[in-house]
Participant: 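One structure coming up, written as structure tokens, with questions to follow.
Just so you know, ligand 1 is whichever comes first in the structure, and atom 1 is the first atom listed for that ligand. What you are looking at is a predicted structure, and each value in this text was computed from that prediction instead of being measured. The first residue in the sequence is number 1, and the count goes up from there.
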Amino acid sequence: MEEMANAPLARFTTLKIGGEAGHLYNPAAVDELLSLFERLSASGEPWHVFGGGSNLLVSSRGVQGSVIRLAQMTEIKSTEADVIEAATGARLPHLARWAAARGLSGLEFAVGIPGTVGGAVVMNAGAHGSCIADVLESATIFDIEKKDLVTWSRDELGFQYRRSRVDPDRHVVVSARFRLTPDRVEAIEAKTKHNEEYRWKTQPLSWPNGGSTFKNPAPDRTAGALLDQAGAKQLREGAAAVSALHANFVINMGGATSGEVVILLKRMQERVLEAFGVRLKPEWRILGAFTREELEVWNGEA
Ligand SMILES: Cc1cc2nc3c(=O)[nH]c(=O)nc-3n(C[C@H](O)[C@H](O)[C@H](O)COP(=O)(O)OP(=O)(O)OC[C@H]3O[C@@H](n4cnc5c(N)ncnc54)[C@H](O)[C@@H]3O)c2cc1C
């Protein structure tokens, strides 16, 4: 298994922000992952998992302990006519195209979401009116306490808007099983292409970014619209800025730190709170060392 000491994590996140982790492991297969957990539990060393790093703000001060990157377990296979099984590290855009090419509909929404299957299950990733919960049948999870692989059905995964019951400190998604709907390849590919093109028009994809920063406070009230109306598009903190194209996207203009980003998020929250009395909650997850004051942005106490 590939491993690296003092690994610079910025390289592995879409925001291109993050200090060093004591150790970075890149398991490429389930047996490598399981023996890694055996080793880490014997040594008592703290560990954290992540996938594509596309919904993650990693502290510029770094991360203590070991970080396990699950982006290299990428196998996708079709086990029944309308069922696809994907390993945790398979990228959603690739999975969406893989399904489309085989005449299986349901994952067209995922083509522009640059995360992995594991991260998408944890976050119940979604777009264009669909989400993972609509197509997922079950997920295989390594349960840290039981030290065993377990299968959770869609109901057991407890999906809600951008969340699930999967707690990355205790459950590691190893693979997922999707039940899709057969349709004409041309129709699925046209929908996939449309969704992809829409992204390029509406999101600042040529800048390092972390996708939507805040969750929508209600289905008919998007964080992007509230931020835009509150004038957040002009906000900037050091090298971190709110995108002029999409007010719920923060971009790294080159060398931004997690500290700058958190101050910017706080200012975005304040704008919307002042204008609409709504407290936005971050969609992003965090990893590494953050101060108590910084954490308040996540706890809604800032
Ligand atoms: C340009 C852009 C567009 C985006 N558009 C969308 C969108 O339309 N809809 C949407 O929902 N999201 C969107 N996102 C956010 C992101 O891509 C999704 O949330 C994605 O599902 C995260 O997957 P990841 O592998 O990158 O997760 P990471 O960012 O690596 O991790 C996210 C969380 O999941 C945990 N985790 C990751 N893998 C596992 C695993 N195997 N087992 C247990 N825990 C795990 C991590 O510990 C962390 O807490 C976008 C992001 C970008 C950069």
Participant: Show me the donor-acceptor pairs, under 3.5 Å and distance only, between side chains in residues 218-227 and residues at least two apart or in other chains.
Facilitator:
residue: Thr222; atom: OG1; partner: Ala225; partner atom: N; Å: 3.1

Participant: Should the pair Glu80-Arg177 be classified as a salt bridge under the 4.0 Å nitrogen-to-oxygen rule?
Facilitator: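 The answer is yes: the pair qualifies as a salt bridge.
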
Participant: Between Phe50 and His48, does the ring centre distance come in under 6.0 Å?
Facilitator: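 Centroid separation for Phe50 and His48: 6.0 Å or greater.
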
Participant: Would you say the rings of Trp47 and Phe37 are close, in the sense that their centroids are separated by under 6.0 Å?
Facilitator: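 Centroid distance Phe37-Trp47: below 6.0 Å, so yes.
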
Participant: Can a side-chain donor-acceptor contact be found between Ser153 and Glu156 if the only test is distance below 3.5 angstrom?
Facilitator: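 Indeed, the side chains of Glu156 and Ser153 share at least one donor-acceptor pair under 3.5 Å.
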
Participant: Name the residues in contact with ligand 1, where contact means a heavy atom under 4.0 Å away: which are they?
Facilitator: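 Those residues closer than 4.0 Å to ligand 1 by some heavy atom are Thr14, Val49, Phe50, Gly51, Gly52, Gly53, Ser54, Asn55, Leu56, Leu70, Thr88, Gly112, Ile113, Pro114, Gly115, Thr116, Gly118, Gly119, Ala120, Val122, Met123, Ala125, Gly126, Ala127, Arg162, Pro168, His171, Val172, Val173, Arg199, Gln203, Leu205, Asn209, Gly210, Gly211, Glu283, Arg285.
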
Participant: Check this for me, if you would: do Lys193 and Glu197 make a salt bridge, where the nitrogen-to-carboxylate-oxygen distance has to be below 4.0 angstrom?
Facilitator: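 Between Glu197 and Lys193 there is a salt bridge, with a charged N closer than 4.0 Å to a carboxylate O.
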
